Asks: 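I'd like to ask some things about the structure below.
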There are 2 protein chains.
Amino acid sequence: MKRVDEIVKKLSDAGLKITPQRIAVMQSLVEAKTHPTAEETYRRVSQSIPGLSPTTVYNVLDAFVRNGIVNKVKTDAGAMRYDPVTDNHHHLYCESSDRMEDFHDPELDRLLEEYFQNKKIHGFRLKDVKLQIVGEFENSKK
Amino acid sequence: MKRVDEIVKKLSDAGLKITPQRIAVMQSLVEAKTHPTAEETYRRVSQSIPGLSPTTVYNVLDAFVRNGIVNKVKTDAGAMRYDPVTDNHHHLYCESSDRMEDFHDPELDRLLEEYFQNKKIHGFRLKDVKLQIVGEFENSKK
DNA sequence: TTTTAAATTGTACAAATTACAATTTAAAAA
DNA sequence: TTTTTAAATTGTAATTTGTACAATTTAAAA
C-alpha cells in the first residue's frame, strides 16, 4: 500500500502523530480532487471509520492547515474548503456550481513574480499572490 | 450634504427604493474603507438608527449585492465582507490581522488581460480574474 | 391623499464551526 | 515489552453567521 505509506510520511514529516483518522482524512482529501468541505470529508471518511466525530474532522483539518500540509480555500458560497495540494497554484472557480479546480501555470507565476518584484506596495510586505479565475466550466456536471 | 445625495443617486440608479436604513448602510460602507462584515456594519449603523434589526442589514447588503453596487468578498477568516467599490480591482490581505484593502493597478490589469487572451483553459469559459495579494500591513497593530 | 408593492422588523431556525471535559491512544521513556 | 504522558478523539453544548417567514411599516407611484 504505497499510498498509505506516502501519507504516513507526509504526516510524520509535518511532525504530526499518526492516527487512523488523520490518515483517512488525508487520503480522502487527496483522492477527491474537488477541494471538499469539512462536512463532505466527514461523510466520506465516516464510511471507513464509523463513529468518527465531526469535531475530529475539524480538528484534523485544522492541524493539517497549521502544519502547512493542507490549504484552506474560501469561495463565495457556504463552507470552507480544503486543498491538499500545497505547491504554488491558483484556482478556477465557477460561481453557479460552486465548483473549484486547481490551475497550475509556471509561466503565469513567472510573469507575476517579475511584475511584483519591481512593484512596491506602500506599507505592505508582500508574501504571496493568488489568482481566483472566475468563469464557467463547460461540462458543469458537478 | 453632497455625500447623501450621491448615495441616494447611487441607490436610485440601481433601481432601489430609498430608505434611511439603506442610506445609512451605504454611507457606513463607503466611510469604512475596510470592507466591513455585516455584523460590524450593524454595530456602526445602529448608532444612527437605534432599533435597527440585524436582519435588515443582511437584507440591505444582499439587495446591494444583487443590484451590483456592492461586492461580497470572502477572506480566510470568519465572515463575509462587503466592498462598495465595484470597479475592477484586487485585494491586499493580511492573514494575521484579517485586514483587507483595495488594490487598483491598471497596468497589472492590462498585463493579465493580455496574458489570458492568448491562454485557453480547456473546458473553462473565463469571465474574470481576481488577485488576492497576501502579506503583512506594516503598521498593523494586530 | 390613497394605494400597494416593497422594506423592515422580530422571532425562530439552520448551517458551519468552536469550546470543553472525559476518554482513549500514539509513541517516547523506562 | 510495559509504562507513562502528552496529545488526539469524542460527544455535548454553545457560538457565530446567516436565512425563512409572518406581521408591520413605509416609500413612492397613482
Side-chain angles (χ1 to χ4, degrees), chain A residues 4-5 7-28 35-46 48-67 69-70 72-82 98, chain B residues 4-5 7-28 35-46 48-67 69-70 72-82 98:
Chain A
V4 170
D5 285 358
I7 287 169
V8 169
K9 181 168 190 317
K10 184 180 261 192
L11 299 184
S12 210
D13 287 351
L16 291 167
K17 270 195 192 171
I18 311 304
T19 70
Q21 291 86 347
R22 285 176 172 180
I23 293 171
V25 166
M26 179 57 81
Q27 201 162 25
S28 173
H35 310 68
T37 62
E39 197 272 336
E40 277 162 16
T41 304
Y42 167 68
R43 283 211 313 277
R44 287 179 196 199
V45 177
S46 287
S48 54
I49 304 187
L52 174 72
S53 166
T55 306
T56 299
V57 175
Y58 282 103
N59 288 339
V60 165
L61 289 171
D62 206 54
F64 288 175
V65 171
R66 278 200 322 274
N67 288 278
I69 57 175
V70 161
K72 257 188 180 180
V73 190
K74 208 159 228 184
T75 71
D76 290 342
M80 203 61 88
R81 289 156 165 281
Y82 295 87
D98 192 37
Chain B
V4 171
D5 285 358
I7 287 169
V8 168
K9 181 167 189 319
K10 184 180 260 193
L11 299 184
S12 210
D13 287 351
L16 290 168
K17 271 195 191 170
I18 312 304
T19 71
Q21 291 85 346
R22 284 175 174 182
I23 293 171
V25 166
M26 179 56 81
Q27 201 163 25
S28 173
H35 310 68
T37 63
E39 198 271 335
E40 278 162 16
T41 303
Y42 168 68
R43 281 211 314 277
R44 286 179 197 200
V45 177
S46 287
S48 51
I49 304 186
L52 174 72
S53 167
T55 307
T56 299
V57 175
Y58 281 104
N59 288 338
V60 167
L61 290 171
D62 206 53
F64 288 175
V65 171
R66 278 201 321 276
N67 289 278
I69 57 173
V70 160
K72 258 187 180 182
V73 190
K74 209 162 226 183
T75 71
D76 291 341
M80 203 60 90
R81 288 156 166 281
Y82 295 87
D98 191 38

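In what follows, every heavy atom counts, from backbone to side chain, and hydrogens, waters and symmetry copies are set aside. In what follows, chains carry the letters A, B, and so on, assigned in the order in which the sequence lines appear, proteins first and then strands, with residues in each chain numbered from 1. All values derive from a computational prediction rather than experimental measurement.
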Asks: Report the distance from atom CZ of B:Arg43 to atom P of D:dT16, rounded to the nearest whole Å.
Replies: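 From B:Arg43 CZ to D:dT16 P: 12 Å.
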Asks: Hey, are the side chains of B:Lys72 and B:Tyr82 touching, using non-hydrogen atoms and a 4.5 Å cut-off?
Replies: yes
Asks: Do A:Ile69 and A:Leu16 come close enough that some side-chain heavy atom pair is under 4.5 Å?
Replies: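 Result yes, sub-4.5 Å side-chain heavy-atom pair found.
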Asks: Is there a Watson-Crick or G-U wobble partner for D:dA30 with both distances under 3.5 Å, and if so, which one is it?
Replies: C:dT1
Asks: Across all strands shown, which nucleotide pairs with C:dT18 by Watson-Crick or G-U wobble geometry, both distances under 3.5 Å?
Replies: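 In the structure as shown, C:dT18 has D:dA13 as its Watson-Crick or wobble partner.
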Asks: Which pairs, with at least one residue in residues 51-62 of chain A and sequence neighbours excluded, count as a side chain to side chain donor-acceptor pair (under 3.5 Å)?
Replies: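 Sorted pair list: A:Asp62-A:Arg66.
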Asks: Which sits closer to the 5' end of DNA chain D, A:Ile49 or B:Pro20, going by the nucleotide each is nearest to?
Replies: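 Nearer the 5' end of the strand: A:Ile49.
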Asks: Report all interatomic pairs (protein N or O, nucleotide N or O of nucleotides 28-30 of chain D) with separations under 3.5 Å.
Replies:
from: D:dA28; atom 1: OP1; to: B:Ile18; atom 2: N; distance (Å): 2.7

Asks: Which atom pair, heavy atoms only, marks the closest approach of B:Leu52 to B:Gln21?
Replies: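 Nearest heavy atoms, B:Leu52 then B:Gln21: CD1-CG, 3.7 Å.
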Asks: Atom CD of A:Glu40 to atom P of C:dA15: distance rounded to whole Å?
Replies: 15 Å
Asks: Can you name the closest pair of heavy atoms from A:Val45 and A:Ser28 and give their distance?
Replies: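 Distance-wise, the nearest heavy atoms are CG2-CB, 3.6 Å.
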Asks: Hey, could you give me the CG/CZ distance between B:Leu61 and B:Arg81, rounded to the nearest 0.5 Å?
Replies: 13.0 Å
Asks: Quick one: look up who D:dT25 pairs with, Watson-Crick or G-U, both distances under 3.5 Å, and put none if it's unpaired.
Replies: C:dA6
Asks: Distance check needed: D:dT26 P versus B:Ile23 CD1, whole Å only.
Replies: 15 Å
Asks: If you look at every heavy atom in A:Val8 and A:Ile18, which pair is closest and at what distance?
Replies: O-CD1, 3.7 Å
Asks: Taking the side chain as every heavy atom from C-beta outward, state whether A:Tyr42 and A:Val25 have any atom pair closer than 4.5 Å.
Replies: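 Sidechains of A:Val25 and A:Tyr42: no contact.
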Asks: Ignoring backbone atoms, test whether B:Ser53 places a side-chain nitrogen or oxygen under 4.0 Å from the OP1 or OP2 oxygen of C:dT8.
Replies: no
Asks: Examine D:dT10: is either OP1 or OP2 under 4.0 Å from a nitrogen or oxygen in the side chain of A:Gln21? Give yes or no.
Replies: yes
Asks: Could you run down the sub-3.5 Å N/O contacts of the protein with nucleotides 18-24 of chain C?
Replies:
none

Asks: Starting from C1' on C:dA6, measure out to CG on B:Leu11 and report it in whole angstrom.
Replies: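 Whole-Å distance recorded here is 15 Å.
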Asks: Rounding to an integer number of Å, can you tell me how far B:Leu61 CG sits from D:dT17 P?
Replies: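 About 14 Å, once rounded to whole Å.
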Asks: Work out which heavy atom in B:Ser48 is nearest to a heavy atom in B:Pro50; give both atom names and the distance.
Replies: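 Closest pair (atom of B:Ser48, atom of B:Pro50, distance): O-CD, 3.5 Å.
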Asks: Which of these nucleotides, D:dT9, D:dG11, D:dG18, is closest to any side-chain atom of A:Arg22?
Replies: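 Closest of the options to the side chain of A:Arg22: D:dT9.
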Asks: Rounded to the nearest Å, what distance is computed from the OH atom of residue A:Tyr42 to the C1' atom of nucleotide C:dA15?
Replies: 15 Å
Asks: Does the pair A:Asp13 and A:Lys9 meet the rule for a salt bridge (Lys or Arg N to Asp or Glu O under 4.0 Å), with working shown?
Replies: CA-CA 6 Å; A:Asp13 287 351; A:Lys9 181 168 190 317; 2.7 Å; yes
Asks: Starting from the 5' end of DNA chain C, give me the residue, B:Ala63 or A:Thr37, whose nearest nucleotide shows up first.
Replies: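 The residue whose closest nucleotide sits nearer the 5' end is B:Ala63.
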Asks: Does any nucleotide pair with D:dA20 by Watson-Crick or G-U wobble geometry, both distances under 3.5 Å, and what is it?
Replies: C:dT11
